[in-house]
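Remarks on the structure that follows.
Protein chains get the first letters and strands the later ones, always in sequence-line order, with residue 1 at the start of each.
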2 protein chains.
Amino acid sequence: MARSGKGLLHGTLDTLILRTVSEAPRHGYAIARWLEERTDEAIRVEEGSLYPALYRLEKQGLLRSEWGRSELDRRAKFYHLTENGRQRLAAETRAWSEFSEAVSRVLRPG
Amino acid sequence: MARSGKGLLHGTLDTLILRTVSEAPRHGYAIARWLEERTDEAIRVEEGSLYPALYRLEKQGLLRSEWGRSELDRRAKFYHLTENGRQRLAAETRAWSEFSEAVSRVLRPG
DNA sequence: ACGTCTTGCCTAGACTTCCTAGGCAAAGGC
DNA sequence: GCCTTTGCCTAGGAAGTCTAGGCAAGACGT
């Protein structure tokens with residue numbers, strides 16, 4: 001219950017971020033909040049994981065960012081998907097469902 | 001398309017191993033084969049990940065091992081679950097399904 | 001007899017990712 | 001004046017996985 005068990009987030013965080021930004025450009029803080037809210041706190045994104053991840057994704061050309069103003073009119077960096085990002089998201093989503101299917105199959109009793 | 005995407009295995013490998021051994025005691029090599037076969041190669045366990053993981057799990061008291069003879073009558077180390085291991089497997093299985101549910105919910109279109 | 005493939009175990013080192021634990025700044029409420 | 005919230009960032013450590021090796025014994029073909 002709540003808070004992703006240990007290292008489970010590993011490898012999926014990037015994909016979750018891409019997905020979060022795929023709906024609409026969002027800034028880092030909002031990404032974390034959205035993921036937590038969307039998953040009823042099952043997934044909690046630490047800032048020490050989030051910001052490095054955003055940097056990574058931008059460096060890989062999957063995201064692009066520009067400074068703007070948040071809903072509360074504060075300085076915030078907004079990220080949006082690039083075309084590469086969109087393709088990567090699609091690929092990773094497929095990979096996830098395959099992987100997740102496989103793990104579930106193994107874990108399933110019987 | 002086969003082979004667990006990058007870092008996805010992270011965190012789940014231990015659980016998969018516990019599960020594999022929960023049916024019957026198995027040796028390392030057989031564990032890897034069984035997981036691959038069971039998942040149609042979707043999950044491939046490298047030996048460099050497997051053996052350290054087995055060591056870890058035994059050190060944590062979740063597995064216990066003894067030397068024996070494989071089906072082909074070769075020297076092999078068989079692992080079986082301890083009581084702690086069984087409890088951990090149950091807990092991790094729950095954690096996985098929560099996590100997996102959460103991720104799927106995020107990734108799901110719409 | 002020889003080489004090669006499969007089974008089977010193990011390790012060192014690099015690599016990646018995540019998290020802990022800080023710091024900084026501005027806005028709002030009390 | 002102080003504390004909480006929003007918002008971004010970084011350094012350092014911890015942990016897990018993979019690459020790339022090594023070792024040994026049996027099977028199998030030629």
Please state how far atom [atom1] in [X] lies from atom [atom2] in [N], giving the value in whole angstrom units.
| X | N | atom1 | atom2 | value |
| --- | --- | --- | --- | --- |
| A/F78 | D/dT6 | CZ | C1' | 12 Å |
| A/E58 | D/dC9 | CD | C1' | 14 Å |
| B/E46 | D/dG16 | CD | P | 18 Å |
| A/L54 | C/dC18 | CG | P | 11 Å |
| A/E36 | D/dT6 | CD | P | 11 Å |
| B/W67 | D/dA24 | CH2 | P | 14 Å |
| B/R74 | D/dG26 | CZ | P | 8 Å |
| A/R56 | C/dC15 | CZ | P | 16 Å |

(request) Record whether the side chain of A/E47 comes under 3.5 Å of the base of D/dC8 through a donor-acceptor pair of N or O atoms. (result)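 Result: at least one qualifying N/O pair found.
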
Side chain of [X] - closest among [options]:
| X | options | answer |
| --- | --- | --- |
| A/H10 | C/dT17, D/dC18, D/dG7 | C/dT17 |
| A/D14 | C/dG8, C/dC18, D/dG7 | C/dC18 |
| B/A76 | D/dT17, C/dG8, D/dG7 | C/dG8 |
| B/K77 | D/dG7, C/dG8, C/dC9 | C/dC9 |
| A/H27 | C/dT7, D/dC8, C/dC18 | D/dC8 |

(message) Using OP1 and OP2 only, check whether a side-chain N or O of A/Y51 sits under 4.0 Å from D/dC8.
(response)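 So the side chain of A/Y51 is within the cut-off, an N or O lying under 4.0 Å from OP1 or OP2 of D/dC8.
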
(request) Please determine if a side-chain N or O atom of B/S70 lies less than 4.0 Å away from the OP1 or OP2 oxygen of C/dT7. (result)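 Looking at the OP1 and OP2 atoms of C/dT7, neither is under 4.0 Å from any side-chain N or O of B/S70.
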
(message) Run B/L13 and B/S49 through side chain to side chain contact (heavy atoms under 4.5 Å, CB included) and show every step you take.
(response) CA-CA 9 Å; B/L13 178 57; B/S49 314; 3.9 Å; yes

(message) Measuring only between side-chain heavy atoms, which start at C-beta, is B/V21 closer than 4.5 Å to B/W34?
(response)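 With C-beta onward as the side chain, the pair stays apart.
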
(request) For B/V103 and A/L8, run side chain to side chain contact (heavy atoms under 4.5 Å, CB included): C-alpha distance rounded to whole Å, both residues' side-chain angles, the deciding distance at 0.1 Å, then the answer. (result) CA-CA 10 Å; B/V103 172; A/L8 287 181; over 6 Å; no

(request) Tell me what B/G28 touches on the nucleic acid: a base, only sugar-phosphate, or nothing, going by heavy atoms under 4.0 Å. (result)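 Sugar-phosphate contact only.
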
(message) Before you tell me yes or no, could you show the steps for B/E101 and B/R105 under salt bridge (charged side-chain N to carboxylate O under 4.0 Å, His left out), namely the whole-Å CA-CA distance, both residues' side-chain angles and the distance that decides it to 0.1 Å?
(response) CA-CA 6 Å; B/E101 223 313 293; B/R105 208 183 320 162; 3.4 Å; yes

(message) With nearest nucleotide decided by heavy atoms, which residue, B/S49 or A/Y79, maps closer to the 5′ end of DNA chain D?
(response)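 The residue mapped nearer the 5' terminus is A/Y79.
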
(message) Please compare B/P52 and A/R69 by the position of their nearest nucleotide in DNA chain C and report the one closer to 5'.
(response)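 This one resolves to B/P52.
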
(request) Work out which heavy atom in B/A53 is nearest to a heavy atom in B/D14; give both atom names and the distance. (result)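 Scanning both residues, the minimum pair turns out to be CB-OD1, 4.0 Å.
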
